Chemist: 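Here it is, the structure in full.
Computed from a predicted model, the values in this text were never measured in an experiment. Residues take their numbers from the sequence shown, with the count starting at 1.
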Amino acid sequence: FKKEIEQDSTKEEIYNRIAQVLENQFNINNYTFIEIDILKRKMEVVKQQGNTFYCKKHLEENPEQCRAVRTKNDVLSIDFHATCTYFEEKEKFHYCLNSEITKNIHLVINFVLDTKEQLEYLKEKISFIRSYIDESTPSIEVKLLMDALQESAFRDGLTGLYNRKFLEEHSKKLIPQSKRDNFNIGVLLLDMDHFKAVNDEYGHDIGDKVLKELSRILNETVRESDIVIRYGGEEFIVLL
């Protein structure tokens, strides 16, 4: 297993491989893989089987409050009171396995079970399941670091927006996809008037603040599906 995952090219492939083990070796069919970044207060569902992620709404708002992440321990249903207040499905049982991928990023696998017997079976097998996760962790960490490196190459250092390099790479996929699926792309080009005068009169530090503020306004104004790009200098592009 370890040899196979070391040859996988993306973290998605690794998660798919773990999922196959859960289903084929342990006969588990209701689970959600959640990456939680404590520093960024961000949660991402990276793999899911079955529609049983009952605490999704709570964790989207406050991902750092996940009990498994906060305590750095597994969290599971017990007989006489709710261990986790976020799991509100009274007719089901749960087991949340916590694994620390990096100092700030945790992988939580949320298992949901229909019966007490299924929970007891999972408790018996959890050490074997964890051994697969532990073997996967170094490879997942490498993939996360590579993703972060690529992300930084595609981001503008000043504004945090996507940069021109991202536009060039993204267009290679976006344009063929739009032709194939027959949807339109709007391209909005913005240029800030008299920006040179701001730099000349107030200095480049103030000019940078102006660029950051415009970037913030653009990000807050567009829809979630739109993409804001700093094309260069005081030029911006929004892909609609």
Chemist: Would you tell me whether Glu23 and Tyr31 have side-chain atoms, one donor and one acceptor, within less than 3.5 Å of each other?
Modeler: yes
Chemist: Within the structure provided, determine whether Asn219 and Arg216 are in side-chain contact (heavy-atom separation under 4.5 Å).
Modeler: no
Chemist: Verify whether the ring centers belonging to Phe87 and Tyr54 lie closer than 6.0 Å.
Modeler: yes
Chemist: Check the pair Glu35, Lys11 against salt bridge (Lys or Arg N to Asp or Glu O under 4.0 Å), reporting the backbone distance first and the verdict last.
Modeler: CA-CA 11 Å; Glu35 275 183 15; Lys11 68 175 183 180; 3.0 Å; yes
Chemist: Quick check on side-chain contact (heavy atoms from CB on, under 4.5 Å): which of Ile109, Leu122, Val21 does Ile129 satisfy it with?
Modeler: Leu122
Chemist: Picking from Leu190, Leu167, Val228, what satisfies side-chain contact (heavy atoms from CB on, under 4.5 Å) with Ile237?
Modeler: Leu167
Chemist: Check the pair Val112 / Phe53 against side-chain contact (heavy atoms from CB on, under 4.5 Å), numbers first and verdict last.
Modeler: CA-CA 8 Å; Val112 175; Phe53 187 18; over 6 Å; no
Chemist: Looking at Phe93, is its backbone amide N or carbonyl O close enough to the side chain of Lys116 to form a donor-acceptor pair, meaning the two atoms are under 3.5 Å apart?
Modeler: no
Chemist: Please confirm whether Arg17 makes a cation-pi placement over Phe1, using NZ or CZ under 6.0 Å from the six-membered ring centre and within 45° of the ring normal.
Modeler: no
Chemist: Test Arg230 against Tyr162 for side-chain contact (heavy atoms from CB on, under 4.5 Å), laying out the working first.
Modeler: CA-CA 6 Å; Arg230 186 184 179 195; Tyr162 287 113; over 6 Å; no
Chemist: Looking at Thr159, is its backbone amide N or carbonyl O close enough to the side chain of Asp156 to form a donor-acceptor pair, meaning the two atoms are under 3.5 Å apart?
Modeler: yes
Chemist: If you look at every heavy atom in Lys165 and Ala153, which pair is closest and at what distance?
Modeler: CD-O, 4.0 Å
Chemist: Going through the checks in order, is the side chain to side chain donor-acceptor pair (under 3.5 Å) test met by Gln65 and Tyr86?
Modeler: CA-CA 9 Å; Gln65 289 300 311; Tyr86 290 163; 4.6 Å; no
Chemist: Are the side chain of Ser178 and the backbone N or O of Ile175 linked by a donor-acceptor pair below 3.5 Å?
Modeler: yes
Chemist: Once rounded to the nearest 0.5 Å, what's the spacing between atom CD of Glu168 and atom CZ of Phe154?
Modeler: 9.5 Å
Chemist: Just checking, any donor-acceptor pair under 3.5 angstrom between side chains of Asn16 and Lys47?
Modeler: yes
Chemist: Return yes if a side-chain donor-acceptor contact under 3.5 Å exists between His58 and Glu88, otherwise no.
Modeler: yes
Chemist: What closest approach, in Å, do Ser99 and Thr137 show between heavy atoms, and which atom pair accounts for it?
Modeler: OG-OG1, 3.6 Å
Chemist: Closest approach of Ile5 and Ser136, non-hydrogen atoms and distance?
Modeler: CD1-CA, 3.3 Å
Chemist: What closest approach, in Å, do Ile36 and Cys66 show between heavy atoms, and which atom pair accounts for it?
Modeler: CD1-CB, 3.8 Å
Chemist: Quick one: closest heavy-atom pair of Thr102 and Glu100, and the distance?
Modeler: O-CG, 3.0 Å
Chemist: What's the verdict on side chain to side chain donor-acceptor pair (under 3.5 Å) for Glu13 and Ser9, showing C-alpha distance, side-chain angles and the deciding distance?
Modeler: CA-CA 7 Å; Glu13 287 184 42; Ser9 59; 2.6 Å; yes
Chemist: Begin from the C-alpha positions of Lys209 and Glu213 and carry the test salt bridge (Lys or Arg N to Asp or Glu O under 4.0 Å) through to its verdict.
Modeler: CA-CA 6 Å; Lys209 288 185 177 182; Glu213 183 64 10; over 6 Å; no
Chemist: Determine whether His106 and Asn98 satisfy the following criterion, side chain to side chain donor-acceptor pair (under 3.5 Å), listing intermediate values before the conclusion.
Modeler: CA-CA 7 Å; His106 289 248; Asn98 173 66; 3.0 Å; yes
Chemist: Side chains of Tyr95 and Asp74: is there a donor and an acceptor less than 3.5 Å apart?
Modeler: yes
Chemist: Does Glu120 form a salt bridge (Lys or Arg N to Asp or Glu O under 4.0 Å) with Lys123? I'd like the steps, not just the answer.
Modeler: CA-CA 5 Å; Glu120 292 302 321; Lys123 286 163 65 177; 3.3 Å; yes
Chemist: Return yes if some donor-acceptor pair links the side-chain N/O of Thr83 with the main-chain N/O of Ser77 below 3.5 Å, else return no.
Modeler: no
Chemist: Is it the case that over 12 heavy atoms from other parts of the model lie below 6.0 angstrom from the CG atom of Asn51?
Modeler: no
Chemist: For a 4.5 angstrom cut-off between non-hydrogen side-chain atoms, does Asp114 reach Glu91?
Modeler: no
Chemist: Kindly check if the number of other-residue, nucleotide or ligand heavy atoms within 6.0 Å of OH (Tyr231) is above 12?
Modeler: no
Chemist: Mind checking salt bridge (Lys or Arg N to Asp or Glu O under 4.0 Å) for Arg70 and listing every partner two or more places apart, or none if nothing turns up?
Modeler: none
Chemist: Between Leu39 and Lys103, is any pair of side-chain heavy atoms under 4.5 Å apart?
Modeler: no
Chemist: Would you say the side-chain atoms of Asn24 pair up with the backbone N or O of Gln20, donor to acceptor, closer than 3.5 Å?
Modeler: yes
